[in-house]
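Just so we're on the same page: letters track the sequence lines, and every chain starts at 1. Just the heavy atoms: all of them, side chains too, but no hydrogens, waters or symmetry mates, feed the values below.
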Number of protein chains: 2
Amino acid sequence: MGERKIRNMEEFASISGISRPTVSKYFNDPNSVRASTRARIEAAIDQYDYRPNIYAMNQNRQLTKNIGIVVPYLADPFFGEIVRVIERRCIEAGYSPSLFSSHGAPEQERDILDTLRSLKPAGVLLAPLGRLSDKTAIEAFCRDVPTVLFDSNIDGMGEAFVGSDNYSFVSQTVEYLSRTGEPPSFFEMKHPANPNANKRRRAYLDMMERLGLEPHVLQIDGSGWAFEDIGRKGAHDILKKKALPTDTILCSNDRLAIGFLSACFEAGYKVGRTHGRDLRVASHDDHPFSRYTCPSLTTAAHDYSSVSGHAVETLFRLIESGGRFQTREETLFAAHLIMRDSA
Amino acid sequence: MGERKIRNMEEFASISGISRPTVSKYFNDPNSVRASTRARIEAAIDQYDYRPNIYAMNQNRQLTKNIGIVVPYLADPFFGEIVRVIERRCIEAGYSPSLFSSHGAPEQERDILDTLRSLKPAGVLLAPLGRLSDKTAIEAFCRDVPTVLFDSNIDGMGEAFVGSDNYSFVSQTVEYLSRTGEPPSFFEMKHPANPNANKRRRAYLDMMERLGLEPHVLQIDGSGWAFEDIGRKGAHDILKKKALPTDTILCSNDRLAIGFLSACFEAGYKVGRTHGRDLRVASHDDHPFSRYTCPSLTTAAHDYSSVSGHAVETLFRLIESGGRFQTREETLFAAHLIMRDSA
DNA sequence: ATTCATTTTTTACGCGCGTAAAGAATTATT
DNA sequence: AATAATTCTTTACGCGCGTAAAAAATGAAT
């Protein structure tokens, strides 16, 4: 380690006693050379600390080893967690992940796709903004770059979608709540940004009908990604008007529920499942903070590791298949109920 | 828009009636060519949707237009917010930001610095893990790449540090709390990962001495980045033992406080500043969720936009100065107190 | 030892662009 | 209009590597 500085692959090849094309082959795929050759090269790498110039490498390669990861909103710890898993798996598989966040802004999502295109990635894992996404731009992008959508689906775009089964979330919470107390009213944004929200509402309506119960959907105003604030204000409105049809609230997602619970606390409503409580509140997602609300939030949890794991594996398969699947794959993972103190 | 596809700069130059070297000059700095020339080039870009191959561009450039951004923990919305601002400013200034998260793991921080080195970035904004960071690796990196540290400082490393003034956080909360009730006890992790924590403890001790009050430091076990859980468990321990020296708790940071508050709720302790409360709890950071705790958290807020803004500006100056400052700069921004319901 | 399949070496070209130098063209200044 | 300053064009080379093709070397199998 630390002999003299190596300037390029030519030099590295000659000093390590292997021809340059073979060294080049090694860096493209270490398994494509004989084991003894590989060992010699790796010994030399250790000794001289050489790495090929990534810009020169990627210039002529038909396909780079880059993988793009795009999430809609990084300040949501949900995505922070997903990204951690995905990044690790990509690196283990020999890819270089590049992380991008749209930060809730459609223009930025478009710009990211533009940037990504010029990175010539082998594949992209894209969690779109949803309703606000520029669908034309995404469609065009998916035609050029092998893409797996995750978290929120857009019909027909990308070669595959991996996400959670919204019906499974709602069926479990509705079933549990209506079995153990008054049937739930559904609390959501009037114009949700995310398509999952619509699926959850429909699942709620369907489940209530199936159980022979009367559904109540409470829709509140607000746009953007400040869900906690929207939930809190909406809850205050509803509580003030005493407009709750039942004593049980099922929030579309945890971030709304976090706001809802904070409003309940402020307005002096007791939430819980014990004697003397005024309300029960439950929700969906198992947001990293849902454990720390007051009271802790009963919720249906994403199978985080399955979703992120399967998304990555699907992308790898897609890359190996040359970037196209015969038919678009859709994989949904079931949720599991997490009973805590709020319902 | 959408004539025929342009393959390279040569072709783009001839079709737009400008010589290739001039086009190249334009892409390096649009202001380096005459306004009329710039207009012609930009018209052609619109028309043919051409973008230079970034790999070929960066191969020979002494300095790329890349900027690396490294944060210790993306699942913390605090960093999500900082990253949003920094990314935007970089793009506006014509740079390409690349985002990396160490996810709390020192090995990953090292790997990121390695990757970053081969990206040959013009500069790097690095928020290190802190105590766990491989200081030797960071030092070596900073020697090779122009780096501005932010959020948490490591003595002498990088050309500059931009962060918040921990003393200002603590002095304001301690002053406020001791003026309006019992003096605070300080609640923190025994072995904090972040150097800011130590500065805050020292500031607490100093302030208490200055005010002629007896300090009490409550140190709890736990390691890693699951601060809420650590805070919750520590609080339960302390509450069970009735080991609180005063009725006022000052948490080192908001994530610990979120755990503390959840434990108080579970154990039946009333937190607040009104009649009949058992405890007051305050903290530092103005974490995005601190508004939604029950009760809402009184805290000292980072000047988020100043910190991120000044970090970016410092890096730009550093890049323009050729990557080195005469002397290492340290800029600290004052906090401001945010009074909510918990104290 | 001979044959054959596999792997490596040799040789050579090209990718798309940065960049340098010298001369031509365009603008600004008087 | 003449001169000077700026900007652009022409020409040409090189960066570090991918990759193709043919020849040589290596290893396995008979």
Side-chain angles (χ1 to χ4, degrees), chain A residues 4-45 48-66 94 96 115 117-122, chain B residues 4-45 48-66 94-96 117-122:
Chain A
R4 73 171 222 263
K5 191 82 181 182
I6 273 128
R7 331 187 109 267
N8 56 33
M9 198 180 274
E10 193 80 54
E11 212 171 296
F12 174 78
S14 78
I15 213 165
S16 66
I18 310 263
S19 73
R20 190 177 70 74
T22 303
V23 172
S24 170
K25 202 149 176 286
Y26 165 85
F27 279 110
N28 274 312
D29 178 6
N31 288 313
S32 66
V33 302
R34 200 186 293 150
S36 60
T37 314
R38 176 173 177 174
R40 288 173 64 195
I41 294 179
E42 284 172 351
I45 291 177
Y48 299 103
D49 196 33
Y50 165 75
R51 321 193 156 211
N53 180 313
I54 53 168
Y55 297 111
M57 274 182 73
N58 287 326
Q59 177 172 22
N60 299 318
R61 257 218 282 247
Q62 64 299 9
L63 211 59
T64 68
K65 283 274 189 180
N66 299 327
S96 302
T115 305
R117 211 192 283 266
S118 65
L119 281 178
K120 303 183 196 302
Chain B
R4 74 170 221 263
K5 191 83 182 181
I6 272 128
R7 333 188 108 267
N8 55 35
M9 199 180 275
E10 194 79 54
E11 211 170 296
F12 174 78
S14 78
I15 213 165
S16 65
I18 310 262
S19 73
R20 191 176 69 74
T22 303
V23 172
S24 170
K25 201 151 177 283
Y26 165 85
F27 279 110
N28 274 312
D29 178 7
N31 288 313
S32 67
V33 301
R34 201 186 293 149
S36 60
T37 314
R38 176 172 177 174
R40 288 173 63 194
I41 294 178
E42 283 172 352
I45 292 178
Y48 299 102
D49 195 34
Y50 165 75
R51 323 193 151 209
N53 179 314
I54 53 168
Y55 298 111
M57 275 182 72
N58 287 326
Q59 176 172 22
N60 300 318
R61 260 219 279 246
Q62 64 298 9
L63 213 57
T64 68
K65 283 275 188 177
N66 298 328
Y95 290 96
S96 303
R117 213 192 282 267
S118 64
L119 281 179
K120 305 185 195 305

Subject >> Beyond-backbone contact of Thr37(B) with Ile18(B), side-chain heavy atoms, under 4.5 angstrom >> reply: yes

**OP:** Give a yes/no answer on whether the side chain of Ser19(B) brings an N or O atom under 4.0 Å of OP1 or OP2 in dT10(D).
**Re:** no

Original post:
Nucleotide range of DNA chain C contacted by chain A, 5' to 3', under 4.0 Å to a heavy atom?
Top reply: dT7(C) to dG16(C)

Original post:
Is there a side-chain contact between Tyr50(B) and Met9(B) (heavy atoms, below 4.5 Å)?
Top reply: yes

Original post:
Are any non-hydrogen side-chain atoms of Asn60(B) and Tyr55(A) less than 4.5 angstrom apart?
Top reply: no

**OP:** Would you indicate what Pro21(A) reaches in the nucleic acid, counting non-hydrogen atoms under 4.0 angstrom: base, sugar-phosphate, or nothing?
**Re:** base

Original post:
Which atom pair, heavy atoms only, marks the closest approach of Thr22(A) to Ser19(A)?
Top reply: OG1-OG, 3.0 Å

**OP:** Could you check Arg34(A) against Asn8(A) and say which one's nearest nucleotide on DNA chain D is further toward the 5' end?
**Re:** Asn8(A)

**OP:** Round to a whole Å and report the spacing from CZ of Arg20(B) to P of dT7(D).
**Re:** 21 Å

Subject >> Tyr26(A): ring-ring contact (aromatic ring centres under 6.0 Å, His included) partners, not counting sequence neighbours >> reply: none

Original post:
Are any of the side-chain heavy atoms of Leu119(A) and Ile54(B) separated by less than 4.5 Å?
Top reply: yes

Subject >> 5' priority, DNA chain C, between Ser36(B) and Gln59(B) [closest heavy atom] >> reply: Gln59(B)

